Amino acid sequence: MGVSLEAIRRCLDGVIPSTICTAAADGTPNVTYLSVVNYLDPSHVALSFQFFNKTRANIEVNPRAQLWVVDPDSGRQYRLDLVYERTEQSGPVFERMNTRLIALASLTGMAKVFRLLGADIYRVLTCEEVAPGGSVDGPTEAISPPPTLDVIAQVTEALSACTDLEALVTATLGALRGPMGYEHVVLMLTDETGERLLTVDSHGAMGSGAGAEIPVGEGVWGTAAAQQRPIRIAQLGRDLLYSRAVRRRVETTDRAGTLAKEIPWPGLERPQSLLAVPLGLRGELLGLLALESARPLRFAHDDEAAVTVVARHLSLQLRALAVADESEPRAAAGIAPADGDRRVRFRYHAEDDSVFIDDRYVIKGLSGRILHRLVGLFVADGRTTFSNKELRLDAQLRLSTLRDNLETRLLLLRRRLDDHATPIRLVRTGRGQLRLEVTGAVELTAAS
Amino acid sequence: MDATEPCSELLVPEMVTFLHGGLAAFLGTCGAGLVPALTRAYAPRVAPDRRAIDLFLGRTQAGACLANLAARRPLAFTAGNVVDYRGLQIKGVSAGWQDADAADVEWVDDYWRLFVANCQRVELTAALITSLRCRDLVRVTLVPTAIFRQTPGPGAGSAVAEGTTWA
């Protein structure tokens with residue numbers, strides 16, 4: 001092999017479609033473009049098998065194939081001589097390819113159309129650079145190097161030192177943005193049902209974005225969460241072009257009725273690179289780290305590996321902190337006089353637990369219910385200090401007994417109140433301890 | 001031209017317009033032992049009677065393919081639009097190849113400008129596009145015998161019946 005497969009992994013990120021040539025038993029060639037070529041190991045690649053087509057028919061009678069790939073940075077081109085070995089219809093390789101396919105299908109409303117039939121595994125006999133036909137100038141943009149092992153070690157150490165969820169979230173976002181060098185980062189945690197992802201913090205185009213919700217299973221982020229597998233996309237624009245080409249074909253067939261609407265992208269207006277890494281422990285989904293960039297090819301496979309290490313560590317810490325929080329005592333009932341100089345209009349709608357402060361929407365759902373309860377106790381008794389433990393035991397909050405998500409909801413609530421600069425703040429005073437700070441006299445109204 | 005297979009209605013005018021529209025293209029051949037060989041192709045040019053198509057290859061890049069063509073083995077040519085992924089595959093036989101002449105180079109230059117414009121619409125960089133171009137061109141003449149839809153999705157790979165539309 002003239003060039004190692006490892007050295008040309010960027011060619012396999014799908015920015016420039018690869019081309020494959022196979023031949024029938026009578027020697028008639030067939031040339032087609034491929035949407036996905038996956039690196040497997042130094043001598044194998046996996047190609048997506050989506051349709052029963054001529055390529056498929058050919059390799060069943062003649063396993064030889066030639067693949068042409070292009071480095072999207074330098075323009076260097078490579079020919080790979082392949083021999084088909086087998087098709088996998090389950091297992092990690094298949095699941096990884098399938099997850100990416102489902103995510104893109106979901107974005108373009110084709111979740112019921114795209115289906116991976118198998119991952120075709122080919123052995124690479126030779127890999128040679130094609131003689132350049134023009135000038136090959138090398139990378140046109142500086143490639144951001146992936147984080148080093150030293151950096152990853154520092155980050156995991158910093159996460160280990162966190163003693164509460166808020167500190168852990170702040171440390172994670174700080175590490176991803178700072179030493180790891182990623183521009184736009186979102187941290188989402190699952191809600192009580194495990195069916196939605198709640199943005200608890202983000203850096204980049206969306207500001208803090210606290211409270212934004214994404215259904216598990218929808219779009220790239222939701223699919224990565226549902227499948228509990230990372231998804232890396234090198235140039236979303238090209239993937240969408242491909243998917244929309246398929247969609248246009250489907251629209252002309254009797255399967256047009258299976259198409260759904262395209263999903264608007266929730267983050268950057270025009271992201272090109274995406275990396276979604278789920279947070280989870282022993283099969284339980286805890287959340288998602290979502291990275292995006294306006295630059296194509298921002299995330300290489302080494303970035304995916306680095307963020308995956310951080311995500312695994314973060315998952316362990318999330319679980320450890322949840323256990324520690326449950327053992328905290330009740331808070332002493334602190335009482336503070338209200339500031340009578342200012343009036344704070346607090347309106348609560350029981351039908352969806354939405355809260356408006358001074359006529360501005362703040363939050364809804366369980367976080368809204370918690371805020372209403374705390375403010376109610378404050379108005380009735382002047383109480384300002386609370387503990388997680390008493391909130392867990394408070395029947396009016398109707399917390400899930402199956403999935404304790406109180407810390408996430410409280411964090412989300414604190415972020416939303418801070419983002420909106422409301423006269424009501426929730427301050428964490430210790431592990432499992434909260435203080436309500438109100439600037440003004442509250443006028444509480446509740447509507448059913 | 002040594003056209004061995006008449007196919008005047010195979011390539012309909014709509015396809016000609018498409019093929020002349022600044023596409024990315026590849027030529028596939030098959031050698032001894034059923035070993036496939038692939039090379040980048042440039043600037044497909046359909047003859048006025050639509051019975052043949054000229055393709056341009058880089059001589060250095062296309063060594064194995066040119067050797068296979070010399071043995072008059074069948075070939076396949078796929079062309080696709082980088083903007084919307086519409087594509088066609090044309091199978092046929094070679095009617096020979098020779099060095100590109102001045103008129104050919106002019107055709108390839110004009111075609112290349114269309115290709116570059118398409119690539120720029122999908123934000124490929126100028127340096128990347130330039131690196132894909134070959135200058136040591138040979139002209140291969142292909143006589144089509146069958147045409148297939150190559151746009152991804154349902155129907156990809158299906159044959160286009162003679163004289164029908166393909167979109």
Side-chain angles (χ1 to χ4, degrees), chain A residues 15-17 19-33 35 50-51 53-55 58 62 64-68 70-77 79 81 113 130-138 140-141 235 237-238 241-242 244-250 252-253 255 272 296, chain B residues 24-40 42 58 60-61 63-65 68 73-78 80-87 89 91 122-137 146 148-158 167:
Chain A
V15 176
I16 310 290
T19 309
I20 189 169
C21 182
T22 56
D26 66 357
T28 302
N30 190 80
V31 179
T32 188
Y33 294 106
S35 60
Q50 284 173 254
F51 308 102
N53 56 19
K54 189 61 180 170
T55 297
N58 283 353
N62 171 26
R64 294 295 300 263
Q66 190 169 76
L67 185 67
W68 184 292
V70 181
D71 185 314
D73 285 316
S74 67
R76 292 180 188 278
Q77 303 178 93
R79 271 195 195 96
D81 282 308
V113 177
V130 175
S135 61
V136 177
D137 297 330
T140 52
E141 272 192 77
Q235 193 166 7
R238 292 201 65 84
L241 284 176
Y242 181 89
R244 286 171 184 148
V246 175
R247 186 183 168 103
R248 281 193 294 275
R249 293 295 306 162
V250 175
T252 66
T253 71
R255 298 173 71 191
Q272 286 295 350
Chain B
F26 277 87
L27 178 75
T29 62
C30 183
L34 292 178
V35 177
L38 193 60
T39 195
R40 192 174 284 281
Y42 302 89
T60 313
Q61 285 187 357
C65 284
N68 291 336
R73 294 195 172 101
L75 55 81
F77 152 65
T78 286
N81 189 315
V82 298
V83 177
D84 60 11
Y85 281 86
R86 291 174 78 210
Q89 180 168 201
K91 297 191 180 184
V122 292
E123 299 180 351
L124 294 180
T125 63
L128 174 67
I129 301 165
T130 301
S131 69
L132 302 180
R133 184 165 188 182
C134 280
R135 300 282 181 182
D136 55 341
L137 295 174
F148 302 86
R149 294 176 183 84
Q150 212 61 50
T151 306
S158 60

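Note on naming: letters A, B, ... go to the chains in the order of the sequence lines (proteins, then strands), and numbering restarts at 1 for each one. Bear in mind the structure is a predicted one, so any value in this text is a computation, not a measurement. The analysis underlying the following values was restricted to heavy atoms, covering all of them including side chains, and did not include hydrogens, waters or symmetry mates.
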So, do A:Tyr33 and B:Phe26 sit near enough that their side-chain heavy atoms are less than 4.5 Å apart?
yes
Among A:Ala24, A:Cys21, A:Gly237, A:Ala23, which residue forms the greatest number of heavy-atom pairs with chain B at distances under 4.5 Å?
A:Cys21
Proximity breakdown for B:Ile129 and chain A, heavy-atom pairs closer than 4.5 Å
neither
Which atoms of A:Arg238 are under 4.5 Å from chain B, going by heavy atoms: the side chain, the backbone, both sets, or neither?
both
For B:Val82, is it the side chain, the backbone, both, or neither that has a heavy atom closer than 4.5 Å to a heavy atom of chain A?
both
Take A:Asn30 and B:Lys91, measure what side-chain contact (heavy atoms from CB on, under 4.5 Å) needs, and give me the verdict at the end.
CA-CA 8 Å; A:Asn30 190 80; B:Lys91 297 191 180 184; 2.9 Å; yes
Whatever's closer than 4.5 Å to a heavy atom in chain A on B:Ala24 counts as both
Within the 4.5 Å heavy-atom criterion, are B:Leu137 and B:Tyr42 side-chain neighbours or not?
yes
Could you walk me through whether A:Thr19 and B:Leu38 pass the side-chain contact (heavy atoms from CB on, under 4.5 Å) test, one step at a time?
CA-CA 8 Å; A:Thr19 309; B:Leu38 193 60; 4.1 Å; yes
Residue among B:Gly33, B:Pro74, B:Pro152 with most heavy-atom pairs under 4.5 Å to chain A
B:Pro152
Which atoms of A:Ile20 approach chain B - backbone, side chain, both or neither, heavy atom under 4.5 Å:
backbone
Side chain, backbone, both or neither of A:Asn58 within contact of chain B (heavy atoms, under 4.5 Å)
neither
Please rank A:Thr22, A:Thr252, A:Thr253 by heavy-atom pairs under 4.5 Å with chain B and give me the top one.
A:Thr22
Side-chain H-bond candidate by donor/acceptor type, B:Gln61 with B:Arg40, under 3.5 Å
no
Would you say that A:Arg248 contacts B:Asp84 through its side chain, given a criterion of any heavy-atom pair below 4.5 Å between the two side chains?
yes
Chain A contact via B:Thr39 - side chain, backbone, both or neither, heavy atoms under 4.5 Å
both
Have B:Arg149 and B:Ser158 got a donor and an acceptor in their side chains that come within less than 3.5 Å?
yes
Is there a donor-acceptor contact under 3.5 Å linking the side chains of A:Thr32 and B:Gln89?
no
Tell me, for B:Ala32 versus chain A, whether the close heavy atoms (under 4.5 Å) come from the side chain, the backbone, both or neither.
neither
